[in-house]
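Here's the structure, in structure tokens; my notes come after.
Only a predicted model underlies this, so the values are computations on that prediction, with no experimental measurement involved. Throughout, protein chains are lettered first and strands after them, A, B, ... in sequence-line order, and every chain is numbered starting at 1.
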2 protein chains.
Amino acid sequence: MRRAQALRDALEQDIVTGKLRPGDRLDEQSLAARFEVSRTPIREALMQLASTGLVELQARRGAFVASLSFRDVVERFEVMAALEGMCGALAARRITEPMQNELEKAHEACVREASQENADAYYYANERFHHIIYEACQNAFLAEQAQQLHARLKPYRRLQLRARSRVANSLAEHQGIVDAIRAGDSDRAERLLREHILIQGERLADFIASFDRAA
Amino acid sequence: MRRAQALRDALEQDIVTGKLRPGDRLDEQSLAARFEVSRTPIREALMQLASTGLVELQARRGAFVASLSFRDVVERFEVMAALEGMCGALAARRITEPMQNELEKAHEACVREASQENADAYYYANERFHHIIYEACQNAFLAEQAQQLHARLKPYRRLQLRARSRVANSLAEHQGIVDAIRAGDSDRAERLLREHILIQGERLADFIASFDRAA
DNA sequence: AAGCCAATTCTTGTATACAAGAGCGTTGAC
DNA sequence: GTCAACGCTCTTGTATACAAGAATTGGCTT
């Protein structure tokens with residue numbers, strides 16, 4: 001009945017949306033009761049989530065919603081930068097004409113949404129822009145890895161979009177990336193994409209630092 | 001009793017060493033009988049292996065030793081190149097003095113083993129060299145990702161070491177990498193390491209191509 | 001009164017029993 | 001003789017029962 005898969009998605013949703021918060025204990029029995037299944041599929045779902053890093057399993061102590069330290073997050077942004085840079089470099093060499101068109105349309109959508117001042121809509125347009133680059137690199141494994149890490153960093157990426165100026169800068173960076181890919185300039189595409197991500201990490205660091213000072 | 005973990009390691013060993021071959025069916029009952037445990041920890045181990053990509057789970061059809069297509073392997077070498085490049089770039093900026101010394105000793109060990117014509121010993125010396133670079137980047141997540149992919153590519157990397165000239169070239173490349181890291185030249189370290197890996201992918205492609213022609 | 005030890009309880013980890021779907025073989029009909 | 005359909009078996013997926021370790025609480029000692 002493939003229940004475990006559905007459970008995995010449900011729990012993932014709860015974690016990403018913040019319904020379950022970092023550090024929360026994930027008791028097998030309670031979850032089993034809540035979803036009206038036995039502990040077996042619950043355990044499967046938890047292990048799958050652990051493999052993606054959303055959940056932390058402590059031996060004989062149970063499962064907890066993973067809480068990334070500041071350092072953990074910065075480290076992941078660094079890796080994300082490397083992966084996206086590689087995607088960009090490969091995309092610049094390998095992108096197909098239809099994909100290039102899609103990329104430019106996605107960029108235009110970002111510009112449109114940014115002017116509407118709708119943070120959520122802009123976020124999704126931005127997400128689509130990046131996903132197209134992942135696909136365009138013609139390396140399914142790389143695309144999958146990039147997408148997985150992208151998803152993992154989702155809650156942290158949203159934080160730093162709140163700064164108004166960041167959106168404007170982000171759009172300018174996107175334009176440069178689109179241009180580099182269209183020109184087939186893989187070195188420039190890689191460098192721009194990598195910086196685009198690293199800047200996000202730095203902005204996040206600023207945000208957290210200011211938060212810490214306020215507290 | 002944490003049996004699942006031990007089972008995972010045992011199966012992983014069997015797969016990496018070739019005792020279990022790509023495409024082999026992993027029957028839960030047989031494995032349970034062989035390891036004298038119930039199916040439950042076997043299933044846990046299989047799912048963990050699936051998350052690392054060593055095993056492929058087909059719904060309601062069971063587990064199989066994952067067989068990577070030629071394309072899959074090339075894709076993974078591309079990603080490995082990006083990750084190792086990043087490790088090198090960060091290591092050049094962040095490596096500590098003791099780590100630098102360890103790296104140079106590891107390189108010397110490679111040179112020594114290469115002259116002995118002992119393929120296995122060289123392989124392990126080479127592995128240690130790369131692991132030191134992973135650790136030296138001071139990014140635990142990146143190091144973990146690199147190590148995991150490195151392990152996954154192990155069987156394929158060994159293939160291309162058979163060409164004698166490859167070992168000599170590999171040593172020369174290592175020397176360049178050591179120098180770049182010592183000099184703190186992150187761009188050069190990144191480029192050299194990336195090429196070092198991409199060359200392996202290409203040599204492997206040559207090897208497979210020649211194998212296909214012979215067949 | 002405070003701290004430590006022990007016992008009980010609660011939770012995870014494993015075994016076994018049961019359900020359901022997929023594959024395969026056999027048999028019957030054309 | 002061949003093809004198709006039905007049923008059986010074998011395997012996975014889920015539920016439940018049992019074992020073992022961890023935490024907490026209560027009592028005892030200092």
- Message: Quick one, A:L149 with B:F141, criterion side-chain contact (heavy atoms from CB on, under 4.5 Å). Give me CA distance, side-chain angles, the key distance, then yes/no.
- Response: CA-CA 11 Å; A:L149 189 51; B:F141 179 69; 4.0 Å; yes
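Near-neighbour residues of DNA chain C inside residues 28-50 of chain A, defined by a heavy atom below 4.0 Å, number-ordered: A:E28, A:Q29, A:R39, A:R43.
Annotation: side chain to side chain contact (heavy atoms under 4.5 Å, CB included) contacts of B:T96 (sequence neighbours excluded): B:P98, B:M99, B:Q138. For B:Q48, the side chain to side chain contact (heavy atoms under 4.5 Å, CB included) partners are B:Q5, B:R8, not counting sequence neighbours. Partners of A:F64 by side chain to side chain contact (heavy atoms under 4.5 Å, CB included), not counting sequence neighbours, listed by chain and number: A:R25, A:Q58. Under the side-chain hydrogen bond (donor to acceptor under 3.5 Å, both in side chains) criterion, A:N101 pairs with no residue at all, not counting sequence neighbours.
Remark: A:R60 is not in phosphate contact with C:dC10, judged by side-chain N or O atoms under 4.0 Å from OP1 or OP2. Neither OP1 nor OP2 of D:dG13 sits under 4.0 Å from any side-chain N or O of A:R3.
Using a 4.0 Å cut-off between charged nitrogen and carboxylate oxygen, B:E190 and B:R194 count as a salt-bridge pair.
Taking atom CD of residue A:Q58 and atom P of nucleotide C:dT11, one finds them 16 Å apart after rounding to whole Å. Distance CZ (B:R25) to C1' (C:dG23): 10 Å, rounded to an integer number of Å. In this entry the distance linking CG of A:L26 with P of C:dT11 reads 14 Å, nearest Å. The separation between B:R8 atom CZ and C:dG13 atom P is 15 Å, rounded to whole Å. When rounded to the nearest whole Å, the span between CD of A:E56 and P of C:dT12 equals 15 Å.
Listed candidates were C:dT12, C:dT14, C:dG23. Nearest to the side chain of B:R61 is C:dG23.
B:R157 and B:Y123 share a donor-acceptor pair across their side chains, judged by distance under 3.5 Å alone. A side-chain N or O of A:E84 and one of A:H130 form a donor-acceptor pair less than 3.5 Å apart.
Side-chain N or O atoms of B:N139 include one that pairs as donor or acceptor with a backbone N or O of A:E75 at under 3.5 Å.
One axis for each end of the helix from C:dA1-D:dT30 to C:dC30-D:dG1, each built from five base pairs, and the angle between them comes to 0° at 10° resolution.
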